[in-house]
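Worksheet for the structure shown next.
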Protein chains: 2
Amino acid sequence: MVTMEDVARLAGVSKMTVSNVVNNRGGVGDLVRQRVLEAIRESGYRVNVSARTLKSGRTGVIGLAVPEIDLPYFSHLADLVIDAAARRGYHVAIERTGAAETGEADALAHSRLLQFDGLILSAVALDGLDERLTEAGYPIVMLGERDFGGRFDHVSMPNEAGIKAATGHLADQGCRRIGIVSGPAREGVNVVTRRYHAYLDALTERGLAADPPLLFPLDRMTMEAGRAAAHRMVDSGHEVDGLVAVTDTIAIGVLRGLADRGLRVPDDVRLIGFDDVPEARFLVPSLSTVAPDHRWMAEKAVELVVQRVHAPSRPTGEYVAPFELVIRESTR
Amino acid sequence: MVTMEDVARLAGVSKMTVSNVVNNRGGVGDLVRQRVLEAIRESGYRVNVSARTLKSGRTGVIGLAVPEIDLPYFSHLADLVIDAAARRGYHVAIERTGAAETGEADALAHSRLLQFDGLILSAVALDGLDERLTEAGYPIVMLGERDFGGRFDHVSMPNEAGIKAATGHLADQGCRRIGIVSGPAREGVNVVTRRYHAYLDALTERGLAADPPLLFPLDRMTMEAGRAAAHRMVDSGHEVDGLVAVTDTIAIGVLRGLADRGLRVPDDVRLIGFDDVPEARFLVPSLSTVAPDHRWMAEKAVELVVQRVHAPSRPTGEYVAPFELVIRESTR
DNA sequence: TTGTACGCGTTATCAG
DNA sequence: CTGATAACGCGTACAA
């Protein structure tokens, strides 16, 4: 392995000078700088990140923990976070936590090993994890999901407002029996219960609330689960003319599930999702959805982590993303 | 920060003994081991990965380089690679190569890549990269795309066989004017030209080759590009009754593009993709596709990298994934 | 402007 | 079975 020492010898200077050149620090003569750069090229020298990290105590890496990366929403999010981090000179390491709670605890243990400078946690299920989180040793920002009562910075989806807007939009389109396809209920306040209550509120305000509620539950947040929910809904004879899916991923499955049963969107049932994943506009029919400003969220989360790296004791904050209602074919 | 030194002092032993306990090495008395473990718990000690890496020269991390992670194919691949690596005790760090190269100093460019014990490179479009790669200093496996003439291990898609099967299937379904939507042509042999030629061969064998060929080119490998290609195809008056899309991502765009022009799949045009991304079965119509065994590919790629970490000079090999033709609604 | 000496936390070697 | 010592490669005082 080529070290700084080698480069220094080759260029006829000291290690320190090489270090200064590599890090673009001043105090190096132009001629010397050229010689050093030449020596670097010739020798194929690369900085040793481990040594640098060991010395500085900073890794320059932000962890991004997501349940699954092959769900469209999370991969899209990852993309945006990488961009935002890059703009600040940070790299992003993606950790997959898996949907199960044990997986998330494990991932946290692993992320300790990886020594991030900070962690952005986008998680669905976090039971019993908050205890461990407080001793993680680096800043943590919760992104888009359950909040921990102000213990961490929290960048959240416009859950209430978004779902209310979506539900209201269905009503405006003439829907009278509006159902919701919603994720696995967990104890405590989380994104699922929040969205569910927002849905109920919107219906109540318009006098459309059904009793019993038209809730079609999911056991997982996958396309397959969405499809199964749609099947169950149709097979049990519910007559619904509008459906709110709590995420676009679910909506993709629902769309398919309705097609399986010969129901057409939007003719028989109108359908609206939440997230505006890249696929949404390409589906047939294209999917109406609540489009939170993901870029804003990614940007905010990274900004908060980076800030906290330098000022660990700043008080935590709550940040809700702006959103737009995107009307496409599925609710026309 | 709590160091081994601190733990050693607390337990009344030497650093070395603590190290032995932490790494489950033998040669430590049971009583001493207990004392050390207790001291670790009490102090909240965590191994410092940077120091370990600096010393050992191994990181336990495999890099996975992909152009974009929010394309369904790559995020799915990432998922499988993470699984395969985890089974062998390795972590995976995803690197996105799609972004334009910044003007970093040579020594810093790719320095992040140096933290890897090995690299799995998927579909990289960085020109002149192969020069640098040979001096990367760690094993590299090419996955699924461009091959570098036997310089690296290469796990490839069943490009020829898969596209031939797909094209043949369209012919079997009665298609007579079969087109292909294919990616940006690059110099040299790559996945795109390979698939294109396989398509031509299949047509020639059946006497269906058109002159001029029904090639609808893409400038990028995105859904949007697929949609645009479909628009151009229809608008230019081509009468095509079967379409091969070189990837499912493209196919999703094409599906939408055809719908935009009022063409129905499969009634007016049959469409088949390549990859079998998770979404494929949920589209309406569900998408017929060539389904390479991605799990096999991920497994193989990881296996090869890990092998080569321990035996760097083993001769390189070429490995072609098995595949299945998955017939769904889009070609019925 | 350049060079020297030392420390970062861990592990390998070798002696006890 | 345990402990002392010397690296690993880089960055930072501080000296020249």
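The sequence lines fix the lettering, A, B, ..., with proteins before strands; numbering per chain opens at 1.
Residues forming a side chain to side chain contact (heavy atoms under 4.5 Å, CB included) with B/R88 (at least two apart in sequence, or on another chain): B/A84, B/Y90, B/E299, B/V302, B/E303, B/V306.
Using a cut-off of 4.0 Å between Lys/Arg side-chain N and Asp/Glu carboxylate O, A/K15 and A/D6 are scored as not salt-bridged. A salt bridge links B/R96 and A/D83; the closest N-O separation between the charged side-chain nitrogens and carboxylate oxygens is under 4.0 Å. Ion pairing between a basic and an acidic side chain is recognised when a charged N comes within 4.0 Å of a carboxylate O; A/R314 and A/D153 show such pairing.
Atom OG of A/S75 and atom CD1 of B/I94 lie 10.0 Å apart (nearest 0.5 Å).
Protein atom CZ of A/R58 is 17 Å distant from nucleotide atom P of C/dC8, rounded to whole Å.
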Checklist outcome for this item: Protein-proximity profile, nucleotides 7-16 of chain D, B/S/- by nucleotide at the 4.0 Å heavy-atom cutoff, equals BBBBBBB---

